[in-house]
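Written out below as structure tokens is the structure these notes cover.
Along the sequence shown, residues carry numbers from 1. Each ligand, and each atom within it, is numbered from 1 in the order the structure gives.
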Amino acid sequence: MNLTLRQLTIFEAVARHLSFTRAASELHLTQPAVSMQVRQLEEGAGLPLFEQVGKRIFLTEAGQEMERYARSILGTLEEASLVFDEMRGLERGRLHIAVASTANYFVPQLLAEFCRRYPGVQVSLDVTNREGLLHALSDNDTDLVVMGKPPDDMDLVATIFMENPLVAIAPPAHPLSGQARIPLERLQQETFLVREKGSGTRSATERFFVERGLSLSSTMEMSSSEAIKQGVEAGLGLGLLSLHTLEMELELKRLVILDVVELPIVRNWYIMHRNGKRLSAVAQGFRAFVCEESAQMLNLPTLQRLQESIPAG
Ligand code: PGA
């Protein structure tokens, strides 16, 4: 049978997504190019690999067999390239990492230092919210992920490397700013700007209030921490964000942290990968670098310094 690796790669993506359009966008190809390669593979096999029922496509029996072989051939090739990566050590290789949008406030600094030490490493960075990261993990689309609490229902190797406090923020002129020991219940009277569904910051915040029998009744949804900070500065409402997204605004005194009883919400940053995934030498090196050096290297505001800076009420 005459087939090429390119055809197998394209076929595998179409079979995984059961969509020519999504496979084309993943592989940065046009849809006609994807269809043509699949057609050629079908000609080589002498059998149709997909069938269309209504608007959906399905694998035929031959398609299912082809999928099994494609996965095994492409998996073996990936393993071979990992073996060579390992032989080259950290001198050359690729690192694919995906991070929570909130973590993107400090991960580039870590990557910059890592690339300074290992200039031959090529990095690709995806930034998305928690939900996007869970997809990347389950699709095995990335080497490493940086985010908040790992999900309970996935078999992962997850290591904490730094604390991640979530704090309440307000513009300096807000009546609550400067007040000591604000009761948590008092926040229910305020409008809050909250992140979109699928954000880890949002789910942690919701969980925190529900566990205390409270809820934020007036909320406005915004799809990034940047938008929330701008909105809070403009007086649209209050926010609850990771301390690590606020360095500049706190320094420039555009925003203040409210001294609320029971806050900050104490979270942690984790670096994780799927259990059983074979990490390349570069990915192992980056993981070790993050676990051993990041907290010290980044020198971000910490919970302890935050508590010291709030006047005792
Ligand atoms: P984000 O953060 O999805 O709110 O950006 C991720 C997390 O805290 O896990």
Side-chain angles (χ1 to χ4, degrees), residues 96-111 124-139 141-169 187 192-211 215-216 219-232 236-250 255 257 262-274 286-287 290-291 294-295 298 300-303 306:
H96 187 181
I97 85 163
V99 307
S101 34
T102 311
N104 194 38
Y105 284 82
F106 60 83
V107 168
Q109 287 180 61
L110 296 175
L111 286 173
S124 101
L125 171 69
D126 280 334
V127 181
T128 177
N129 68 15
R130 177 181 175 86
E131 195 171 275
L133 296 173
L134 297 183
H135 283 303
L137 280 167
S138 67
D139 292 348
D141 250 3
T142 180
D143 295 329
L144 294 164
V145 162
V146 172
M147 68 174 184
K149 190 178 164 332
D152 297 327
D153 56 354
M154 261 190 206
D155 190 11
L156 302 169
V157 180
T159 311
I160 294 178
F161 62 91
M162 201 164 61
E163 63 182 26
N164 172 25
L166 303 190
V167 294
I169 48 165
L187 297 186
F192 269 82
L193 313 189
V194 297
R195 285 278 306 277
E196 76 288 359
K197 283 205 174 69
S199 142
T201 308
R202 169 150 170 183
S203 54
T205 310
E206 283 176 349
R207 207 168 40 242
F208 177 82
F209 280 94
V210 167
E211 279 167 7
S215 70
L216 300 174
T219 55
M220 219 181 274
E221 195 172 293
M222 304 208 165
S223 61
S224 73
S225 302
E226 263 332 285
I228 291 181
K229 289 191 290 181
Q230 297 292 335
V232 174
L236 270 179
L238 304 183
L240 270 157
L241 288 181
S242 164
L243 183 58
H244 297 154
T245 65
L246 297 166
E247 213 180 350
M248 193 173 80
E249 287 76 10
L250 295 177
L255 291 172
I257 295 175
E262 292 196 65
L263 290 184
I265 301 174
V266 182
R267 301 187 78 213
N268 289 295
W269 287 118
Y270 289 78
I271 185 158
M272 61 189 87
H273 61 276
R274 277 173 62 159
F286 185 69
R287 189 173 179 282
V290 168
C291 293
S294 57
L298 288 167
L300 288 165
T302 64
L303 205 54
L306 180 68

Checklist line | Protein heavy-atom partner closest to atom 5 (O) of ligand 1 - residue, atom, separation in Å | finding: Thr102 OG1, 2.7 Å

Check: Just how far is it from atom CG of Leu137 to atom OG1 of Thr142, taken to the nearest 0.5 Å?
Finding: 7.5 Å

Next item on the list: Please identify which atoms of ligand 1 are closer than 4.0 Å to at least one heavy atom of Met147.
Entry: 9 (O)

Next item on the list: Apply the test side chain to side chain contact (heavy atoms under 4.5 Å, CB included) to residues Glu247 and Phe106: give CA-CA distance (whole Å), side-chain angles for both, the deciding distance (0.1 Å), then the verdict.
Entry: CA-CA 10 Å; Glu247 213 180 350; Phe106 60 83; over 6 Å; no

Item checked: ligand 1 atoms in contact with Asn129 (distance to a heavy atom under 4.0 Å) -> 3 (O)

Next item on the list: Answer yes or no: does an N/O atom from Lys149 fall short of 3.5 Å to an N/O atom of ligand 1?
Entry: no

Next item on the list: Provide, to 0.1 Å, the distance between atom 7 (C) of ligand 1 and the closest protein heavy atom, together with that atom's residue and name.
Entry: Gly148 N, 3.4 Å

Check: With a 4.0 Å heavy-atom cut-off (strictly under), which part of Arg195 contacts ligand 1: side chain, backbone, both or neither?
Finding: side chain

Check: Can you tell me how far the NZ atom of Lys197 sits from the OG atom of Ser203, to the nearest 0.5 Å?
Finding: 12.0 Å

Checklist line | ligand 1 to Arg202 polar contact by distance, N or O atoms, under 3.5 Å | finding: no

Item checked: Check: Arg274 side chain, Ser138 main-chain N or O, donor-acceptor pair, under 3.5 Å -> yes

Checklist line | Heavy atom of the protein closest to atom 6 (C) of ligand 1 (residue, atom name, distance) | finding: Ala100 CB, 3.3 Å

Notebook entry, point to check: Under a 4.0 Å N-O cut-off, is there an ion pair linking Glu221 with Arg202?
Noted result: yes

Margin query: Does only the side chain of Arg267 get under 4.0 Å from ligand 1, or the backbone, or both, or neither? Count heavy atoms.
Written below: side chain

Item checked: Min N/O separation Trp269 to ligand 1 under 3.5 Å -> no

Check: Just which atoms of ligand 1 are under 4.0 Å from any heavy atom in Arg130?
Finding: 3 (O), 9 (O)

Note to self: Could you walk me through whether Ile257 and Leu263 satisfy the side chain to side chain contact (heavy atoms under 4.5 Å, CB included) test, starting with their C-alpha distance in whole Å, then the side-chain angles of each, then the deciding distance to 0.1 Å, before giving a yes or no?
What the structure shows: CA-CA 10 Å; Ile257 295 175; Leu263 290 184; over 6 Å; no

Next item on the list: Begin from the C-alpha positions of Arg287 and Thr159 and carry the test side-chain hydrogen bond (donor to acceptor under 3.5 Å, both in side chains) through to its verdict.
Entry: CA-CA 9 Å; Arg287 189 173 179 282; Thr159 311; 2.6 Å; yes

Check: Between the side chains of His96 and Asp141, does any donor sit under 3.5 Å from an acceptor?
Finding: no

Check: How far is atom 4 (O) of ligand 1 from its nearest protein heavy atom, and which residue and atom is that?
Finding: Thr201 OG1, 2.6 Å

Check: Quick one: which of Gly132, Gly200, Ser225, Ala204 has a heavy atom closest to atom 3 (O) of ligand 1?
Finding: Gly200

Item checked: Nearest-0.5 Å distance, CZ of residue Phe286 to CG of residue Leu111 -> 4.5 Å

